Amino acid sequence: PVTIAAGFTGVLQARETLSSPVPIIQLTSAAGGGMVISDINKTITITIPAINTASLDFTSAVYGLELTSLNGEVFPLITGTITLVREIVR
């Protein structure tokens, strides 16, 4: 297990398949990148505004989230699949 510490950075990418060369979603912990890492609360918050998701056009995708420590050590944190569900309630 990894414990979130000060200075960690993160990247989340989603791709239609594992072999897809270009991510369809990419978030980072850089300012305005859609990801906030709190070493105080030991949390990672992901935010994708509706304006950014409106143009997404896939059925399912794979994703991965990695954290990088200050000394450059990379920690693959979580991977999985996502399904795009269009707005149902309008």
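Every value quoted in this text rests on a predicted model; they were computed, and no experiment measured them.
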For the side chain of R15 and the backbone of A61, is there at least one donor-acceptor N/O pair under 3.5 Å apart? no
Is there a side-chain contact between T59 and L84 (heavy atoms, below 4.5 Å)? no
Count I, L, V, M, F, W, Y as connected when their side-chain heavy atoms are under 4.5 Å apart, and connections chain through other members. Are V36 and I78 then in the same cluster? no
When clusters are formed by joining ILVMFWY residues with side-chain heavy atoms under 4.5 Å apart, either directly or through shared neighbours, do L56 and Y63 land in the same one? yes
Starting from V74, can I reach L27 by hopping between I/L/V/M/F/W/Y residues whose side chains sit under 4.5 Å apart? no
Report yes or no: do M35 and I24 belong to one cluster of Ile/Leu/Val/Met/Phe/Trp/Tyr joined by side chain heavy-atom distances under 4.5 Å? yes
When rounded to the nearest 0.5 Å, the distance separating CD1 of I4 from OG1 of T43 is 6.5 Å
If I take atom CD from residue Q26 and atom CG from residue L12, how far apart are they, to the nearest 0.5 angstrom? 8.5 Å
Any donor-acceptor N/O pair, N71 side chain to E73 backbone, under 3.5 Å: yes
Name of the residue among L70, T28, T68 meeting side-chain contact (heavy atoms from CB on, under 4.5 Å) with T9: T68
CD on Q13 to OG1 on T79, rounded to 0.5 Å: 13.0 Å
In terms of hydrophobic clusters joined by side-chain contacts under 4.5 Å, are L77 and V11 together? no
Closest non-hydrogen atom pair, S29 against G10: OG-N, 2.9 Å
Compare all side-chain heavy atoms of I25 with those of I48 and state whether any distance is below 4.5 angstrom. yes
Step by step, would you call L65 with I44 a side chain to side chain contact (heavy atoms under 4.5 Å, CB included)? CA-CA 10 Å; L65 171 63; I44 300 169; 4.1 Å; yes
